[in-house]
Amino acid sequence: MSNEKVTTEQTEPYQQKIKAKHRRMKVRLIGKGKGPKGSPGAPFSKKPSMSRSKSAPPGFGALGEVKETDPVINGLAKMIVNATRDDHSTIQNHYFPMVKPDPQELAKAIVDVFIEDVLELDQPVWTYSSNVVGALDVRYADYAIQEHLVQLEEDWDKLKRMTKGDPDGFSIEDFKVINKQSYEGAIHVIKQRIQTHIAANNPMTK
């Protein structure tokens, strides 16, 4: 089986770099003109938006556009991030066999939910990272998952400080691009734990 990474147009490094610096470049291009707004011949009657246009919805974009996360996978990811000790066995013994998640897809969904529901909302990182560990049935003293998720928190706080004076701040997508290494590192280590859990519960699965 090939391990070759599938690259779509929107996940190419070039596209990601363009997305990360889009607002800054747009300000340079159209946001610094000296002409009075609203005057004859002025290009804009009001201050133009510096945000990047949203992508077309699924089914209307170009071929190879990134698909949205499966709602079932996203729901399972939310359950894992918010799992209490009482939820662990239900997730492991009921939801995993029922959903049969793809490890890469679920790992990405878990990290995305962690960013959106924990980092963005300023929730206690160590608590929620422990929820993930317990839900993935990590029974030994391995703190790799917590370490990677705590690294995401440090990156988040650093970027927040750096953009404090920017009224638009930064978006979650900006964060993923700027901190691509730690983002993908968290996905990788969680994917490994999911694969370990699935293999332990399905010893005949190759």
Side-chain angles (χ1 to χ4, degrees), residues 5-33 44 46-71 73-82 104-129 131-132 145 147-191:
K5 182 183 287 187
V6 177
T7 302
T8 65
E9 180 184 358
Q10 297 302 314
T11 59
E12 289 176 355
Y14 173 77
Q15 289 290 344
Q16 292 180 330
K17 287 179 182 178
I18 290 297
K19 189 172 185 178
K21 65 181 182 180
H22 177 81
R23 183 181 182 280
R24 185 172 70 252
M25 297 301 291
K26 194 169 182 179
V27 169
R28 289 178 59 188
L29 182 63
I30 65 173
K32 294 187 176 181
F44 299 103
K46 62 180 182 178
K47 186 177 180 180
S49 170
M50 297 302 158
S51 300
R52 195 174 196 225
S53 300
K54 292 184 178 179
S55 299
F60 292 89
L63 291 174
E65 183 146 341
V66 179
K67 67 175 182 178
E68 292 185 349
T69 304
D70 184 332
I73 295 294
N74 195 63
L76 179 56
K78 283 183 174 288
M79 190 177 296
I80 288 170
V81 171
N82 292 283
Q104 174 71 22
E105 186 179 8
L106 179 57
K108 181 180 182 300
I110 290 171
V111 176
D112 286 348
V113 167
F114 188 84
I115 292 171
E116 294 166 11
D117 293 1
V118 178
L119 299 186
E120 189 172 36
L121 301 181
D122 198 25
Q123 299 297 319
V125 170
W126 196 262
T127 298
Y128 285 92
S129 63
N131 294 347
V132 175
I145 290 176
E147 288 171 355
H148 279 79
L149 295 179
V150 167
Q151 180 62 54
L152 284 178
E153 179 195 31
E154 292 174 359
D155 292 341
W156 182 273
D157 288 343
K158 181 179 179 180
L159 191 55
K160 188 191 294 185
R161 291 193 299 270
M162 289 173 61
T163 58
K164 190 174 182 180
D166 187 340
D168 291 339
F170 63 93
S171 70
I172 288 176
E173 291 305 315
D174 291 336
F175 172 76
K176 293 177 186 178
V177 174
I178 294 168
N179 298 287
K180 182 178 178 181
Q181 185 173 357
S182 55
Y183 173 65
E184 293 187 347
I187 292 173
H188 177 72
V189 74
I190 291 174
K191 173 186 174 182

Which value, rounded to the nearest 0.5 Å, describes the distance between L152 atom CG and F114 atom CZ?
7.0 Å
Kindly indicate, with the supporting measurements, whether the criterion side chain to side chain contact (heavy atoms under 4.5 Å, CB included) is fulfilled by V81 and V132.
CA-CA 5 Å; V81 171; V132 175; 4.2 Å; yes
CD of E153 to NE2 of H148: how many Å apart, nearest 0.5 Å?
15.0 Å
Residue set satisfying salt bridge (Lys or Arg N to Asp or Glu O under 4.0 Å) with D112, at least two apart, ordered chain then number -> K108, K176
If the test is side chain to side chain contact (heavy atoms under 4.5 Å, CB included), which one of I187, L76, V111, I190 qualifies with L106?
L76
What is the distance from atom OG of S129 to atom CD of E147, rounded to the nearest 0.5 Å?
10.0 Å
Which residues share a ring-ring contact (aromatic ring centres under 6.0 Å, His included) with Y183, sequence neighbours left out
none
Under the salt bridge (Lys or Arg N to Asp or Glu O under 4.0 Å) test, which residues partner K191, sequence neighbours left out?
none
Atom OG1 of T127 and atom CG of N82: how far apart are they, to the nearest 0.5 Å?
11.5 Å
Among K160, E154, R161, find the residue that satisfies the side chain to side chain contact (heavy atoms under 4.5 Å, CB included) test when tested with K158.
R161
Got a second to check how far F170's CZ is from T163's OG1, nearest 0.5 Å?
5.0 Å
Run the side chain to side chain donor-acceptor pair (under 3.5 Å) test against N179 and tell me which residues pass, sequence neighbours left out.
none
Any side-chain heavy atom of D174 within less than 4.5 Å of one from S171?
yes
Nearest heavy-atom neighbours spanning I110 and I80
CD1-CD1, 3.9 Å
Check ring-ring contact (aromatic ring centres under 6.0 Å, His included) between Y128 and all other residues, then give those that pass, not counting sequence neighbours.
none
Is any side-chain heavy atom of E120 closer than 4.5 Å to one of I115?
no
All side chain to side chain donor-acceptor pair (under 3.5 Å) counterparts of D117, not counting sequence neighbours:
K78
Nearest 0.5 Å, please: how far is CD1 in I178 from CH2 in W156?
10.5 Å
